[in-house]
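By convention in this document, chain letters (A, B, ...) are assigned in the order of the sequence lines, proteins followed by strands, and residues within each chain are numbered from 1.
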Amino acid sequence: MELDKHYLHAEVEQKWYAYWQSKGYFDSKPDQREPYTIVIPPPNVTGVLHMGHMLNNTIQDVLIRKARMEGKNACWVPGTDHASIATEAKVVKMLAEQGIQKKDLSREDFLKHAWDWTHKYGGIILEQLKKLGASCDWKRTRFTMEDDLSQAVNTVFIKMFRDGLIYRGTKMVNWDPKGLTTLSDEEVIYKENIAQLYYIVYPFSEQTKQAISGLSEGLIIATTRPETLMGDVAICVHPDDERYKHLIGQTVLVPIVNREVPIIADDYIDQAFGTGCLKVTPAHDENDYRIGEKHHLEAIDVLTEDGKIHERAGAYAGLDRFACRKQIVKDLEEKGLLSKTEAIKNTIGHSERTDAVIEKKISTQWFVNMQLFMQKHPEVLDHVMDDQIAFHPNKFKNTYKHWLSNIKDWNISRQLWWGHRIPAWYDNQGHMVVAESEAEALLQFQSLNATIQLKDIRQDDDVLDTWFSSWLWPISVFDGFKDSEDFKYYYPTNDLVTGPDIIFFWVARMVMAGYAFTGQKPFSNVYFTGLVRDKQRRKMSKSLGNSPEPLELIAQFGADGTRMGLLLSAPAGNDILYDESQLEQGRNFCNKIWNAYRLIAGLPVHEDALVSAEQLASDKLAHQWFEMKFQLAVNAIHEDFNAFRLSDALMSIYKLIWDDFCSSYLEMVKPPFGQPIAESTLSQAKDHFEALLKLLHPFMPFITEELYHALHDSHPEQPIIVSAYPKPHQTHTLINDLALGIVSEIRNIRNSKGLSPKQSLDIIINTSVSANYQVWEGILRKLANLNQISYNQQKPEHCLTFLISTDECFIPFESQIDQVAEAKKIADEITYLQGFLKSVEAK
RNA sequence: GGGAGCUUAGCUCAGCUGGUUCAGAGCAUCUGCCUUACAAGCAGAGGGUCACUGGUUCGAACCCAGUAGCUCCCACCA
């Protein structure tokens, strides 16, 4: 049998993924075992796999595979999100390329196109996840727009409406002029910007000039948005401002449109900003809106839905808002009404989806009353703060708390077609009912007015915010609103793995939905991954071209290598700096493991069964030493898992395999070239190798499955994916000292004498002279403290004899736990005194 | 403007309860090796005032205060 020196992965991956799936190892259904549940953060149907998904889903797969191996009922639910705005935009664009305008289509026809699109492209990202090795239960794949999940959305909406948690109201909201819809506050991204601050002259009216003598030409007002000037309804100054006090109640003329507007006073005004005068445009600014309400001013909306100047503005109608700004500045300058211009820093809101500059707009929309919601469900905050829902890293608790403490009402209606249509109906008289269906709505209307017909009522045109369905995800994927068996068994889920960028959009709202609709938390742990950035710390983006194609990476480095490369540099919450050399490291590691297998598989065994049964002392010691090393690593790895330090866990395994198993253990038991190995030693080596493969399997599923099978001449009864994960055992640190002692001793001898590890080990065993007393003395003293051996047996060979004589040298000294604590206390006291003496001497 | 976090080797980061893992890991670098598992490898080596200043302590990378720089989140300054 001739094996390639380099590990080839492509076929291996395909083979095992198909095998696992065909045997149903990803499948899950309720049974007697303890459940372990993860729901995938559903990617957008429009999405294609990017580096963020790779990282995120690798982590989930590691967690689910470990749980599966630990004998839990592991259930990982995949699915996709309908992504209202993003998908509608894609479909609109696709139709436009075919020469079809959305406005020429009926709602039904448009939705047909959207569904076609979804069926055609919607599953791509899930197929890509399979290449990564994601062991989702694909039979459970859900979609937020499918019937059952839409039904859940309806149920929740109606319940919340009846509980007074949802209301319809007219408020100032965020308007996306490109997406042609309103947005929630969370969907607005504020960006720093250098704006021009224009100082515009508003001439005094004739009346004012007559009333007050000695006035200058007009009031100078600073604004960054001259194009909203046609919507000005007042000028506002601070009531205590000495410069303008006498003008309050007088009027000025709005330039261009020459409308006469009053000068009013409000202490909201910052006297130090600009000239201390504010032009009040209630239709286009939140503060102006408040001032307008307070002073009973009209609101003139001068913009159209797509961000152009409206006819009612009286000038510049049809011009784009930014073109208008330029034009108006030019016109003012010509009229001599532009006093000066200066650059200032400010922030401007952009649409999260379309990146268009957001307009504030007064509009009638649907809202969730968040104040009331939080009053009813205080555990949403409390149980995150007391770690019943634990955040990793926990610094995000602060962010979470801050957001919830300042939460505003959630605008949930969107002026789109692709999404869950709001279950509200209106009649011609302006009445409204909220109902399960059109038929039920009609019944409700008829109870008020018997003559009303189906043709007299119409459903609300708007759909709901995508997150209004996403927040139900952990409940609805298990049909939680129908009280299903799956729901009772798998909910609450265990761990959620997601990015901190959607902590408000999604994580917080799932917690809300969990407590509000099930009375239970939706998950116990939230693991926040970092952003994947390039080497220069720039975000991955299409425009920068610094985002590698994930599937190409998998083809190049293998899914195992890619997974390892990503995980190695991804401590919880830290951004990961993508660097191809990390993936190389992953690939090289695969190769190292592959070659360890080649060694073990190729060793000749003693033909004489009797000789073969006998084991060299050095082999026995090497075996015991590695067992200790292994157990210590397993313990550390479990601790790392519990704290979600996955990269640390992986690094421990990496070092255990490379340094301890390959460089030390295999070198110790490897016979000289051409010589046979004892059967017993070989079988121990195989057992160790097998245990290592299990330990590694959650991280690198494919190569471990391949070698697990290859290691057995006949196929094992169970594949590694469902084998038992190595368990932690209690040990004591002095065992660690012991393990370290042996290795450092071997190294000393090797270096000084130029011998092989095996020869060095023999020397340690056979001579006491060459051994380093210092290394052993400490260990002996500690062992003496534990009554394991008497202190006067202070010789290395005694220590070794003792070690070899006991088969349980790494098994916990259960009976000596108290003594261990005692010994530690004494040791602490000695160190204290030593430190104390040292510092006294120094003085 | 408010809040949170970070600063340890060339890079990315560990360092948990102050003292035997205390100055660490991986990668990168340098020097020797194509040695019969593996050059995608092996054997070695170098490299740090733990941001700065003070304080607490017998003892500080770790606790406290201040300073500087960076990052993120939130916020209605026209």
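- Counting non-hydrogen atoms under 4.0 angstrom, Y198(A) reaches nothing in the nucleic acid.
- When the C1' atom is compared between rA43(B) and rG48(B), the two are found 25 Å apart, to the nearest whole Å.
- The residue among Y7(A) and W403(A) whose nearest nucleotide of RNA chain B is located toward the 5' end is Y7(A).
- The nearest whole Å value for the distance from the CG atom in N588(A) to the C1' atom in rA28(B) is 14 Å.
- Judged as a side-chain hydrogen bond (donor to acceptor under 3.5 Å, both in side chains), and not counting sequence neighbours, the contacts of H688(A) are H623(A).
- Rounded to whole Å, atom C1' of rC73(B) lies 9 Å from atom CZ of F396(A).
- Applying the salt bridge (charged side-chain N to carboxylate O under 4.0 Å, His left out) criterion to E580(A), with sequence neighbours excluded, gives no partner residue.
- Using atom P as the reference point in both rA25(B) and rA9(B), the two lie 14 Å apart (nearest Å).
- With hydrogens and angles left out, the side-chain atoms of S581(A) and E584(A) include no donor and acceptor closer than 3.5 Å.
- Atom OH of Y665(A) is separated from atom CD1 of I657(A) by 14.0 Å, given to the nearest 0.5 angstrom.
- Rounded to whole Å, the distance from CG on L278(A) to P on rC76(B) is 16 Å.
- When only modelled atom types and interatomic distance are considered, N635(A) and Q631(A) share a side-chain donor-acceptor pair under 3.5 Å.
- For E359(A), the salt bridge (charged side-chain N to carboxylate O under 4.0 Å, His left out) criterion is met by R225(A), R321(A), not counting sequence neighbours.
- Using a 4.0 Å cut-off, no side-chain N or O of N595(A) falls inside it from OP1 or OP2 of rA40(B).
- Only the P atoms considered, rU29(B) is 15 Å distant from rC11(B), to the nearest whole Å.
- Contact annotation: K345(A) side-chain N/O to rG1(B) OP1/OP2 distance is not under 4.0 Å.
- The salt bridge (charged side-chain N to carboxylate O under 4.0 Å, His left out) test applied to D266(A) returns K294(A), not counting sequence neighbours.
- In this structure, K401(A) does not reach the rC74(B) phosphate: none of its side-chain N or O atoms is under 4.0 Å from OP1 or OP2.
- Dashed line: the shortest gap from a side-chain N or O of W658(A) to OP1 or OP2 of rC42(B) is under 4.0 Å.
- Among the heavy atoms of the strands lying under 4.0 Å from C662(A) is at least one base atom, whether or not backbone atoms are also near.
- For the OP1/OP2 pair of rA78(B) and a distance below 4.0 Å, the side-chain nitrogens and oxygens of Y199(A) include no atom meeting the criterion.
- The CD1 atom of I703(A) sits 12 Å away from the C1' atom of rA40(B) (whole-angstrom rounding).
- At a threshold of 4.0 angstrom between heavy atoms, the contacts of R290(A) include nucleobase atoms, whether or not backbone atoms are also involved.
- Atom P of rU21(B) sits at a distance of 25 Å from the matching atom of rU57(B), rounded to the whole Å.
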What pairs of nitrogen or oxygen atoms, one from the protein and one from nucleotides 3-5 of chain B, lie under 3.5 Å apart?
{"unit_1": "rA4(B)", "atom_1": "O3'", "unit_2": "N398(A)", "atom_2": "ND2", "d": "3.4"}

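- Taking atom C1' on both rA75(B) and rG1(B), the two are 7 Å apart, rounded to the nearest angstrom.
- Within 4.0 Å (heavy atoms only), Q585(A) reaches sugar-phosphate atoms of the nucleic acid but no base atom.
- Looking at heavy-atom distances under 4.0 Å, Y654(A) makes contact with sugar-phosphate atoms alone, never a base.
- Looking at K592(A), its side chain comes within 3.5 Å of the base of rC38(B) through a donor and an acceptor atom.
- Pairs of residues two or more places apart, or lying in two chains, that qualify as side-chain hydrogen bond (donor to acceptor under 3.5 Å, both in side chains) and include a residue from residues 269-281 of chain A are T228(A)-K279(A), D232(A)-K279(A), D232(A)-T281(A), H238(A)-Q271(A), K279(A)-T281(A).
- Residue pairs meeting the side-chain hydrogen bond (donor to acceptor under 3.5 Å, both in side chains) criterion with at least one member in residues 556-567 of chain A, sequence neighbours excluded: D61(A)-R563(A).
- For rU31(B), the base adopts the anti conformation, since its glycosidic angle falls more than 90 degrees from zero.
- Residues meeting the salt bridge (charged side-chain N to carboxylate O under 4.0 Å, His left out) test with K655(A), sequence neighbours left out: none.
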Just do the salt bridge (Lys or Arg N to Asp or Glu O under 4.0 Å) check on K360(A) and D288(A) with the steps written out, would you? CA-CA 11 Å; K360(A) 289 284 176 176; D288(A) 292 19; over 6 Å; no

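- Qualifying side-chain hydrogen bond (donor to acceptor under 3.5 Å, both in side chains) partners for D185(A), counting only residues two or more places apart in sequence or in other chains: N174(A).
- With P as the reference atom, rC63(B) and rU7(B) are 11 Å apart, rounded to whole Å.
- Under 4.0 Å is where a charged nitrogen must lie from a carboxylate oxygen, and between E293(A) and R290(A) no such pair does.
- Counting only Watson-Crick and G-U wobble pairs whose two key distances fall under 3.5 Å, RNA chain B forms stems of three or more stacked pairs at B:1-7 with B:68-74, B:10-13 with B:24-27, B:29-33 with B:41-45, B:51-55 with B:63-67.
- At a threshold of 4.0 angstrom between heavy atoms, the contacts of N406(A) with the nucleic acid are absent.
- For A636(A), there are no side chain to side chain contact (heavy atoms under 4.5 Å, CB included) partners, not counting sequence neighbours.
- Across the interface with RNA chain B, nearest-nucleotide mapping of H6(A) and L599(A) shows L599(A) to be the residue nearer the 5′ end.
- Taking atom P in both rC62(B) and rU17(B), one finds a spacing of 14 Å when rounded to whole Å.
- As rounded to whole Å, 14 Å separates atom C1' of rC76(B) from atom CD1 of I344(A).
- Following rounding to the nearest Å, L197(A) (CG) and rA78(B) (P) show an atom-to-atom distance of 8 Å.
- We find that CG of L568(A) is positioned 19 Å from P of rC11(B), with the value rounded to whole Å.
- Between the C1' atom of rU21(B) and the NZ atom of K629(A) lies a distance of 11 Å, rounded to the nearest Å.
- Partner of I593(A) under the side-chain contact (heavy atoms from CB on, under 4.5 Å) criterion, out of Y7(A), W658(A), F689(A): F689(A) alone.
- Taking atom P in both rG47(B) and rC38(B), one finds a spacing of 34 Å when rounded to whole Å.
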Please list, pair by pair, any protein nitrogen or oxygen found under 3.5 Å from a nitrogen or oxygen in nucleotides 23-25 of chain B.
{"unit_1": "rA25(B)", "atom_1": "O2'", "unit_2": "K655(A)", "atom_2": "NZ", "d": "3.2"}

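- Counting distance only, with no hydrogens placed and no angle test, the side-chain atoms of E667(A) and the base atoms of rA37(B) include a donor-acceptor pair under 3.5 Å.
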